[in-house]
2 protein chains.
Amino acid sequence: MTDTQVAEIATSRRREATRQRLLDAAAEVFAEVGLDAASVEAICERAGFTRGAFYSNFATKDELFLELAGRVSRERVAVVTERVAELARDGVEITAQSALEMVQLVLGETGDDRLGILLMSEIRNHALRDPALAAAHLAQDDELRRSVAQIIADIGDAGGLSLRVPPEEAAGLMLTVWESATVRATMAGLDHEQVRGLTNAQLAGVAQLLIEPR
Amino acid sequence: MTDTQVAEIATSRRREATRQRLLDAAAEVFAEVGLDAASVEAICERAGFTRGAFYSNFATKDELFLELAGRVSRERVAVVTERVAELARDGVEITAQSALEMVQLVLGETGDDRLGILLMSEIRNHALRDPALAAAHLAQDDELRRSVAQIIADIGDAGGLSLRVPPEEAAGLMLTVWESATVRATMAGLDHEQVRGLTNAQLAGVAQLLIEPR
DNA sequence: GTCTATAGACAGATAGAC
DNA sequence: GTCTATCTGTCTATAGAC
């Protein structure tokens, strides 16, 4: 390996760190004031850089937002798929009233924080007007649904309970209710724990609806 | 009545018309580009006024947005409550498979257009960061839910079918699914009819879940 | 010493408010 | 139509990592 290659790696390491810090700062600022109201200046200030660093790393604010949106969605999917993996690893062992278990598994520690909720809302809002963003958003949403569907199917098999709709539909409904509940609770000004409690309750109710009564 | 009084009424009439035109124009522009990106200039141009007229009627852009948000929510509620009234007037007459009827009644012709969807998303997004807007939004949402719950209860009584959850909960779920479906379909770039079709299908599915199997 | 990521000033454009 | 504030994106000099 030549000296220049070593240098390149070192610099790109530093560069990558700068990128990440800018993305983290942007996430905060976007969540606080929204994409449009967030100035590049404010993002840089939060990250501890000046605008030179910004434009050295991103062509425009939109480009940064796009990358951030992707990151957020991927993280969301990752958390849930991790749960699927856990489930498969430990071997599922669920009893009759697994409605609540299902709930816990779907959102588990995913107790999305306020920042995450605000960011998702911001992304959704912009996706309604930006076809490219919309496509990416919908694709990642589908992936999330498939992951949740997998969990639900596994639980159904293991617990010996039958669902009134296919796992995919059940997953879609659960996710819809989950999002709606978190947004409403956050809007009502509740704190993290309360948001989670309310969301759990809502999800438990839907889970009961989804289970075939015997 | 004196001449000045007549003049005053005429003036306030004209003023009111100006306000409404500004609000209509703002609704369009906000839906198109979002609250922040919508310049007062653009709103005035759309309405056929100059900025002078704007600041004569509204103190700030935010004030106008607040008023518009209220108007949009009230309209939404009005459409649904009107349906409740119709229902009571005509006398309900629904048969076994009233799942779809329920759907039709809930959204009926409410096939919210693209503009309405974008506006609601914009309002929701801002309500997450503005407590005052959030309170108003949640209150109107509750009112809407109560109206729908009323419809559902009526249908339940008339059709002799029992629901697996209280009407309020059923209404909440239907509305959640309704909103989610319209947003997703709109995001996918579907046209008005397709959005409605997809939303109807989703709602029909949920209605089936809500009905007690016999 | 070289190289480049970053700082910070700068220009052009456009916003809101009156 | 004006005035002030602010924002974006560019450009150049430099600090600091190798």
Side-chain angles (χ1 to χ4, degrees), chain A residues 1-69 122-123 125-126 129-130 132-133, chain B residues 11 14-15 18-19 21-69 119 122-123 125-126 129-130 132-133:
Chain A
M1 201 183 251
T2 70
D3 281 3
T4 49
Q5 274 175 328
V6 171
E8 265 168 25
I9 289 169
T11 39
S12 67
R13 273 257 171 76
R14 200 157 67 99
R15 229 181 137 64
E16 187 51 34
T18 302
R19 280 181 81 85
Q20 289 307 320
R21 270 173 65 191
L22 281 169
L23 282 166
D24 290 341
E28 289 178 23
V29 181
F30 286 156
E32 280 167 21
V33 300
L35 170 60
D36 292 308
S39 69
V40 173
E41 177 71 43
I43 294 168
C44 294
E45 191 182 353
R46 181 73 57 106
F49 292 116
T50 60
R51 302 178 46 256
F54 184 96
Y55 286 105
S56 162
N57 280 283
F58 301 97
T60 68
K61 192 168 68 168
D62 280 338
E63 188 188 295
L64 175 142
F65 181 68
L66 209 66
E67 186 162 326
L68 184 62
E122 193 68 24
I123 292 169
N125 197 43
H126 278 83
R129 297 192 200 90
D130 178 345
L133 194 55
Chain B
T11 314
R14 201 155 66 93
R15 230 183 133 63
T18 303
R19 278 181 80 84
R21 270 173 64 190
L22 280 168
L23 283 166
D24 290 340
E28 289 178 22
V29 181
F30 286 154
E32 280 166 20
V33 299
L35 170 60
D36 294 306
S39 68
V40 173
E41 175 71 44
I43 294 167
C44 294
E45 191 183 354
R46 183 75 57 104
F49 294 116
T50 60
R51 276 168 299 164
F54 183 96
Y55 285 104
S56 161
N57 280 282
F58 301 96
T60 67
K61 192 168 73 167
D62 280 338
E63 187 188 296
L64 176 142
F65 182 67
L66 208 66
E67 185 162 329
L68 184 62
L119 253 183
E122 192 69 22
I123 292 169
N125 197 42
H126 278 83
R129 295 191 201 91
D130 178 345
L133 195 54

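The analysis underlying the following values was restricted to heavy atoms, covering all of them including side chains, and did not include hydrogens, waters or symmetry mates. Quick caveat, the model's predicted, so the values are computed rather than measured. Each chain gets a letter, A, B and so on, in the order its sequence line appears, and its residues count up from 1.
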Exercise. To the nearest 0.5 Å, tell me how far L68(B) CG sits from E63(B) CD.
Key: 12.5 Å

Quiz item: What's the spacing between R51(A) CZ and E45(A) CD if we round to 0.5 Å?
Solution: 12.0 Å

Quiz item: Under 4.5 Å between any side-chain heavy atoms of D62(B) and D130(B), yes or no?
Solution: no

Quiz item: Hey, does V40(B) have a side-chain heavy atom less than 4.5 Å from the side chain of Y55(B)?
Solution: yes

Quiz item: T50(A) near the nucleic acid: base, sugar-phosphate alone, or nothing, with a heavy-atom cut-off under 4.0 Å?
Solution: base

Quiz item: Taking side chain as C-beta onward, heavy atoms only, is K61(B) less than 4.5 Å from D36(B)?
Solution: no

Practice problem: Using the closest heavy atom to pick a nucleotide of DNA chain D for each, name whichever of G52(B) or G52(A) lands nearer the 5' end. | Solution: G52(B)

Quiz item: Any side-chain heavy atom of V33(B) sitting closer than 4.5 Å to one from R129(A)?
Solution: no

Quiz item: Considering only heavy atoms from C-beta outward, does the side chain of F58(B) approach that of L23(B) to under 4.5 Å?
Solution: yes

Exercise. Starting from C1' on dA9(C), measure out to CD on E41(A) and report it in whole angstrom.
Key: 12 Å

Quiz prompt | From CG (L22(A)) to CD1 (I43(A)), nearest 0.5 Å | solution = 8.0 Å

Quiz item: Atom CZ of R14(A) to atom C1' of dC3(C): distance rounded to whole Å?
Solution: 11 Å

Quiz item: Looking at residues 53-64 of chain A, who's got a heavy atom less than 4.0 Å off DNA chain D?
Solution: Y55(A), K61(A)

Self-check item: Nucleotide dA15(C), atom C1' - distance to CZ of R51(B) in whole Å
Solution: 9 Å

Practice problem: Could you tell me the separation between the CD atom of E16(A) and the C1' atom of dT4(C), rounded to a whole number of Å? | Solution: 17 Å

Exercise. Kindly write out the residues that satisfy salt bridge (charged side-chain N to carboxylate O under 4.0 Å, His left out) with E32(A), not counting sequence neighbours, or none if the list is empty.
Key: R46(A)

Quiz item: Separation of E45(A) atom CD from dC7(D) atom P, in whole Å?
Solution: 11 Å

Exercise. Strictly below 4.0 Å, heavy-atom distances to any atom of DNA chain C: list the hits from residues 19-38 of chain A, or just say none.
Key: none

Quiz item: Rounded to whole angstrom units, what separation is found between the CZ atom of F49(A) and the C1' atom of dG9(D)?
Solution: 19 Å

